[in-house]
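Remember, it's a predicted structure, so these values are computed and weren't measured experimentally.
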Amino acid sequence: MTARPKFLVAIAGVGTDVGKTWVGVALIERLRAAGHRVAARKPVQSYDPAALTTDAHLLAAASGEEPTRVCPDHRWYPLAMAPPMAAARSGRPPIMVRDLLRELAWPDDVEIGVVETVGGVRSPMADDADSATFIRSLGADRVVLVADGGLGAINAVRLCVDVLAPASITVILNHFDGAIDLHVANRDWLTDRDELTVVTTVDDCAASVLRRSSMGLSDPDR
């Protein structure tokens, strides 16, 4: 195992249920299809115990790994609330960010590591860290920020970008519909007024990640 992949991508969201896992899975599939060695990690997860699959299962299926490799089994909390809250309610020890970081283990030959956080960027991921704090501690090379394309997108994205600063960010507007004027207007405002990198498809998200990688994995601008 190696301590860190050559390039780390963090998947974050403007809130819960915006499609972080869906985007993470699709991104991993695109990167692997392009010939890159990719591993997925979900450092901690809490979930509805009635769920048939968890985020770790979905990410593992995309990366070709075992779910307990994606998320260590002692970091599975079967309660639908923020992980540190779920741990406390279950009578389990507090979750500390240093331990989540220490437990990250990667295959020796991995090129790109994709790490999914929890909830929104200010959602508690550990007792001493929210997702934004975790991302900064991780030292991610690129953050993929998932937002909805509709009403409220600009406010949500701006708030999260401020919290994540000075991270290098690709915003993906999930559920984007080019036939909906509001979606197009939100994309254009974030791109033109705020000068953010905004994409509306996973294919474009993958291209953005690779184009900006320090590895030179792919650079269509050259």
Side-chain angles (χ1 to χ4, degrees), residues 1-5 8-28 38-108 110 112-141 143-147 156 159-160 163-164 167 174:
M1 291 289 182
T2 186
R4 188 188 194 280
L8 273 178
V9 179
I11 307 293
V14 300
T16 303
D17 294 331
V18 294
K20 290 190 307 298
T21 303
W22 184 88
V23 169
V25 165
L27 178 61
I28 290 165
V38 184
R41 294 293 179 265
K42 177 90 174 181
V44 60
Q45 65 172 2
S46 52
Y47 54 94
D48 183 344
L52 298 178
T53 59
T54 68
D55 292 348
H57 286 96
L58 298 173
L59 293 166
S63 64
E65 302 171 278
E66 291 297 322
T68 53
R69 179 66 70 188
V70 171
C71 181
D73 52 9
H74 67 283
R75 296 299 182 193
W76 295 44
Y77 299 90
L79 195 58
M81 56 178 60
M85 297 167 63
R89 291 288 183 91
S90 304
R92 294 167 64 178
I95 303 170
M96 309 306 290
V97 67
R98 66 175 180 273
D99 295 324
L100 297 182
L101 292 167
R102 177 179 52 80
E103 291 165 4
L104 286 175
W106 302 93
D108 291 330
V110 68
I112 305 173
V114 176
V115 183
E116 184 186 326
T117 59
V118 305
V121 298
R122 293 306 309 271
S123 294
M125 190 161 171
D127 282 84
D128 59 347
D130 55 23
S131 287
T133 302
F134 176 84
I135 288 170
R136 285 193 290 272
S137 301
L138 179 68
D141 299 293
V143 178
V144 172
L145 178 63
V146 184
L159 289 172
C160 291
V163 170
L164 291 167
N174 199 18

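Judged by distance alone, with hydrogens and angles left aside, the side-chain atoms of E103 form no donor-acceptor pair with the main-chain N or O of P72 at under 3.5 Å. Under the 3.5 Å distance criterion, the side-chain polar atoms of K42 are left unmatched by any main-chain donor or acceptor of V115. Between the side chain of S46 and the main chain of M81, a donor-acceptor pair closer than 3.5 Å is present. Within the 3.5 Å criterion, the main-chain N or O of H74 finds a donor-acceptor partner in the side chain of R92. K20 contributes a side-chain N or O that, together with a main-chain N or O of G119, makes up a donor-acceptor pair within less than 3.5 Å. A distance-only check finds no donor-acceptor pair linking the side chain of D55 to the backbone of T21 [under 3.5 Å]. Proximity of a side-chain donor or acceptor of S63 to a complementary backbone N or O of A39 within less than 3.5 Å is not detected. Between the D127 side chain and the M96 main chain, no donor and acceptor come within less than 3.5 Å of each other.
By the neighbour-count criterion of 12 heavy atoms within 6.0 Å, atom CZ of R122 is sparsely surrounded, having that number or fewer from other residues, nucleotides or ligands. Counting non-hydrogen atoms of other residues, nucleotides and ligands closer than 6.0 Å to CD of E66 gives a total of 12 or fewer.
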Just do the side chain to side chain contact (heavy atoms under 4.5 Å, CB included) check on L101 and L138 with the steps written out, would you?
CA-CA 7 Å; L101 292 167; L138 179 68; 4.2 Å; yes
Derivation and outcome, side chain to side chain contact (heavy atoms under 4.5 Å, CB included), residues V97 and M125
CA-CA 8 Å; V97 67; M125 190 161 171; over 6 Å; no
Verdict with supporting geometry, V121 and V14, side chain to side chain contact (heavy atoms under 4.5 Å, CB included)
CA-CA 6 Å; V121 298; V14 300; over 6 Å; no
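Closest heavy-atom contact between V163 and A132: CG1-CB, 3.5 Å. Between P124 and P83, the shortest heavy-atom contact is O-CD, 3.5 Å. Taking both residues in full, the closest heavy atoms of V143 and A12 are given as CG1-CB, 4.2 Å, listed atom of the first, atom of the second, then distance. Residues S90 and L79 share a closest heavy-atom pair of OG-CD2, 4.4 Å.
Within the model, atoms OG1 of T53 and CG of L58 stand 4.5 Å from one another, a figure rounded to the nearest 0.5 Å. C71 contributes atom SG, which lies 8.5 Å from atom OH of Y77 (distance to the nearest 0.5 angstrom). T54 contributes atom OG1, which lies 4.0 Å from atom CH2 of W76 (distance to the nearest 0.5 angstrom). Here the CG-CG distance, from L164 to L145, works out to 6.5 Å after rounding to the nearest 0.5 Å. L100 contributes atom CG, which lies 11.5 Å from atom OG1 of T117 (distance to the nearest 0.5 angstrom). Rounded to the nearest 0.5 Å, atoms CG (N174) and CG (D17) are 11.5 Å apart.
Counting heavy atoms from C-beta outward, R75 and D99 have side chains that approach closer than 4.5 Å. Under the 4.5 Å side-chain criterion, counting only non-hydrogen atoms from C-beta, V144 is not in contact with V114. Contact annotation: the side chain of W106 approaches that of L8 to within less than 4.5 Å [non-hydrogen atoms, C-beta and beyond].
R41 and E65 are joined by a salt bridge, as a carboxylate oxygen and a charged side-chain nitrogen come within less than 4.0 angstrom of each other.
At a cut-off of 3.5 Å, with distance as the only test, no side-chain donor of T68 or D73 sits close to an acceptor on the other residue.
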